[in-house]
Every structure is written in structure tokens, then in C-alpha cells.
There are 2 protein chains.
Amino acid sequence: MPADLPAYLQIAAELRGRIVAGELAPGAKLPSESRLMTQFGVSNTVTKRAIAVLKAEGLVEGRHGSGVYVRRVRRLVRDSQGRDQRRRSGPTSPFARDVTSSGQRPAWEHESAEVGCPDAIAARLGVEPGDPVLRTRYRYLADGSPIQLATSYEPLAITRGTPVELPEDGAAVGVVARMDTIGVRIDECVEEVIARAAHPDEIERLHLPSAGALMMVVQRTYHAAGRPVETADIVMAADRYQLRYRWPVD
Amino acid sequence: MPADLPAYLQIAAELRGRIVAGELAPGAKLPSESRLMTQFGVSNTVTKRAIAVLKAEGLVEGRHGSGVYVRRVRRLVRDSQGRDQRRRSGPTSPFARDVTSSGQRPAWEHESAEVGCPDAIAARLGVEPGDPVLRTRYRYLADGSPIQLATSYEPLAITRGTPVELPEDGAAVGVVARMDTIGVRIDECVEEVIARAAHPDEIERLHLPSAGALMMVVQRTYHAAGRPVETADIVMAADRYQLRYRWPVD
DNA sequence: CCGCAATAGTTGGTGCCCTAACTTTGAGTC
DNA sequence: GACTCAAAGTTAGGGCACCAACTATTGCGG
């Protein structure tokens, strides 16, 4: 039906159809390159390209020397409701709650450094570029495999000399609670969501299967009395996440 | 630095670096395929692949017969605050407000039909699959070019026989106001955000430059007194949009 | 000066080939 | 049975050569 579409897109569409129809279930192996060549009567150039399209879409994943398999995707819900209003039991960190509520085991690494504020961050924090800020890099793991990165910036003008200058177990507690202990009452959260391709370092740190992976980036900024007190870039593989926002109307 | 990276990724990284550094400004033309071949000492296979990577990332755009150019991206902010609480002047439709506030001219087309409720939608609306729903397909334009698609579903059990059974100028008014006129008070909005590759029909309807484009999909559901009364899939080109959410903490 | 046609340059798509590296399988041995 | 090892199958990366279609430029004729 899609008449004059290039061959590699036709083959990609055909395979995509089989996948979304469930005919090729998650974990199933796609026909091999050579089999596709004979089945569709094209050269390897075309079959390679077709498969590359599906890889870029995150639908399939190639295993070197073995085959190309339909990915089993299990989306983790990142829920912004309940987030930062910790009435219930369980972990107080947003990430830990999302992971445990999907039945997985959370873990994280972090590393802090005092740096001069980068331009893009300065605009978000309302400080001058180069002002001293504490940058903390997090890597979050679910069941042992990395699924989320975050880079947080806090103006040292706020936390310098306080017990929470370093976020030690920051990821376990959350910024809101930490700031609260030094009398900074966070009252508003703004999140900006964009989607883009993965950067090379993200591919490495998240163990993504090669290039072209899609990422979702949440630029979160916490405000206290109208002034930004913390901002973070939270980046996650787009095909493993789903963001949920909820608010009252009227 | 990334030593043993494949050649096509090295070249892609090199060009990407020049682009983000501003050395290759938006609108600038990349070196031609043959120039890259001689400059990097590789075959056309490699240069083609490198450029394909950048295209998939949405950084560049090929113009047949002319060259490959750095895309000028201008992100439209889709703000969920103020959205659906219409105190201020101007358009009452969420989309129209987003577009006008960025200085562009909004327009849209829509087309409605009564259909049996698809499975995935039935789960979101809390009705049985096959139940009669009104499906409305929108296409939104900014300055004449299509940038957003939406498909909305309303159970006809709610609107049948009322003045707002058909959303006529629905996009101009917004669902909340329409429902309000028939006494259905929408009190909560839930949005689920996912990112994925574009489907073929979306590529066509949004005039996207070929395949592999990234899309953001917002699955929005309106509730009235705890029951879903409308749900919509809002899909937009990821590189032209930025979603903003804002809520009070504590 | 204007318009037109030839021409050179460019992208998009494809075919065919090769090598390296990895996985799976099966045969054969201990 | 367990273990080794070779062979077959597979992906990943790359090279070279075409052709079609489109664009930009240039030179020529009026």
C-alpha cells in the first residue's frame, strides 16, 4: 500500500507490523540478514538499513554473532504525584519509590564536586555564570542495571557551612527534605521535559546498545519563596520510562 | 579520546561537536559527502552512515541535490500551568495559547467520527472495548506547518444528545469548557509522557523529513469526580517541543 | 539584460563484496 | 557424562561502484 516507499522502509514497516501485532513477541529472534535478503529479494545493504531503522526506534536489539531480537520493554513509571509529599511509608527518595513500586531493587552512586556554574545552569538557578555551585552526579540502578542519570546543581551560597552541604545520602532522602533541615522550605517544582538522542557519554554510562538511543530529559528546578534553590538534569532511556503528571483542574 | 569507536561514530561525533560548539551554525551547510570522504580518508559508506546518525538525532536535515544543513530548531513550550485555568485574556484553547505566546499563528483541522472504542483506549476511559465513543482527530499548525497531532476519545454515553456532542470548534474552546456547559465538571488532569520513534502515518501527516524522527506522546486523561471523561493522544515532534509542568510542593 | 539550456555537484538509494568477531551447534574425545 | 574443539551461522563495520533525481551555476543566445 505505501507505494513508492524505499525498499528498506518497506521492510522495516513489514517487520514493525509483525512486532506490534505480537507475531514477533518480545525476546523473539528476527529473520537473519541473509534470510531477509532472499525473502525480499534485496541486497544486504537494504536489510541492514531496515534493521538499523528498527534499532533506532528501540524496537529491536542486535546481539553480535547471535541475531537481532525484539526488545522486551518494561516501562518504569516516574510519577510526579505523591513525589515530594511523603505521607506514606517506604523510601522518601522519588527514584527509590518509583523503582520499588515496580518491584525492582533500587541502588545508586553519586559523586560531588564544587564547580563554577555553567552558563545554561546559571540561567536556571538565577545566579551568575561561574558562581560556586555544588554539582552532584548520580547514577541510578534498578536491579543492578543503570537506567537513569542525574546531574544536580545547588548554589553554595545556600548550603555552604550547613550540615547538608554535601548530599551524602542525598538520593535516599531527596532534596526537599534535605533543604528543609536547614530551614529552606521548597514550595514549588518546575519540570521541563524534552526528548533527544543520547550523547556518547550517556550511552557509555547507561550501557545503551550502541548509538541513536532516544532519551528523555527532565530539567527539574525547585523553588523556595520564588527563588530557585536546586536544579537537576535527569536523563533516562526513553523506551524504559514513562512520566506521569497529575494535577487538579479549576 | 573515545579511542576505538567505529569510524562512522567518530565522524558523527566530530561533526556533532562542531554543531553544538556553534562552529556550524543553524542553517549552515555540512561538508559534502565526497569532501568528508577525502578529509577523513574513508569510503562513502562511512560518511553516509555518519550523516545518517546526525539525521536520526534531528541535528541536521538533508536537502536532496543540495546538501545537508544544520537544522534551526525552535522549541515550542507546551505549558501545563495556566492550561485549563483560564483567567487571562487570549485564546482559551491550550494549543492556541502555546502557539501565540511564542509569536506564531495557530490553526487546526479536525474530523470526528463515532467508532467502537479500541482496547487501549477502553482501559484508559474505563469503558468496555467496542463501546461507542466519539473519536476526533486533530492536526495543529503553527505558521502554516503542521507540528502536532491529537486524537481524542469521548464516551458517547456522556455527550450523546447534548449540544456538545460534536466538538465543532472544540479546539478553540478546550474540553474542560465544553464539558462544563453540559454540567460535567472536570476536576483532574493526568498526563502520561512517553517518547518513541514516529510512526509512518505521523511522518506523512506532520511532513517530517523521512524516517526515524523522535516523537513525544502525551496521553492526557480528564477526570470528573474520579471518572475519566475524555482521553487523548497528543503527539508532537520531539525536537520542536518542550513540555513544562509546575506544581506546588508540600 | 533576460531567459534558457547544458553542466557540474549533491543527496538518496541500492548492489555486491570482504573481514573481524562473536555465538551456537555438533562431532568427537577423554 | 563432561569436555574440547572445529565448523557453521550471525552481526558489525567497512569498501567500491552505480544510478536516479534534484539543485545550483554557468555560459550562451536572443
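To find a chain, count down the sequence lines: A is the first, B the second, and so on, and within it residues start at 1.
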Taking the minimum atom-to-atom distance to the side chain of [X], which one of [options] wins?
{"X": "S43(A)", "options": "dG15(C), dG13(C), dG12(C)", "result": "dG15(C)"}
{"X": "H64(A)", "options": "dA21(C), dG14(D), dA17(D)", "result": "dA21(C)"}
{"X": "V68(A)", "options": "dC18(D), dG15(C), dT11(D)", "result": "dT11(D)"}

side-chain N/O [X] vs [N] OP1/OP2, d < 4.0 Å:
{"X": "K55(B)", "N": "dG12(C)", "value": "yes"}
{"X": "Y8(B)", "N": "dG13(D)", "value": "yes"}
{"X": "S34(B)", "N": "dT10(C)", "value": "yes"}
{"X": "R49(B)", "N": "dG14(D)", "value": "no"}

In whole Å, I'd like the distance from the [atom1] atom of [X] to the [atom2] atom of [N].
{"X": "Y69(A)", "N": "dG9(D)", "atom1": "OH", "atom2": "P", "answer": "15 Å"}
{"X": "L36(A)", "N": "dT14(C)", "atom1": "CG", "atom2": "P", "answer": "14 Å"}
{"X": "E33(A)", "N": "dG13(D)", "atom1": "CD", "atom2": "P", "answer": "12 Å"}
{"X": "K48(B)", "N": "dG15(D)", "atom1": "NZ", "atom2": "C1'", "answer": "13 Å"}
{"X": "L30(B)", "N": "dG12(C)", "atom1": "CG", "atom2": "P", "answer": "11 Å"}
{"X": "M37(A)", "N": "dG15(C)", "atom1": "CE", "atom2": "P", "answer": "9 Å"}
{"X": "R63(A)", "N": "dC22(C)", "atom1": "CZ", "atom2": "C1'", "answer": "13 Å"}

| field | N-O pairing of R139(A) and E111(A) below 4.0 Å | value | no

| Looking at E202(B) and R196(B), does any basic side-chain N land under 4.0 Å from a carboxylate oxygen? | yes

Is any side-chain heavy atom of [X] less than 4.5 Å from a side-chain heavy atom of [Y]?
{"X": "F40(A)", "Y": "Q10(A)", "value": "no"}
{"X": "I121(A)", "Y": "T151(A)", "value": "no"}
{"X": "R244(B)", "Y": "R246(B)", "value": "yes"}

| Per the atom types in the model, does the base of dG9(D) pair as donor or acceptor with the side chain of S32(A) at under 3.5 Å? |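 Check fails, no donor-acceptor contact within cut-off.
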
| request: May I ask you to say what T45(B) touches in the nucleic acid, namely base, sugar-phosphate or nothing, with a heavy-atom cut-off under 4.0 Å? | output: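 If one applies the 4.0 Å heavy-atom cut-off, T45(B) turns out to touch a base.
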
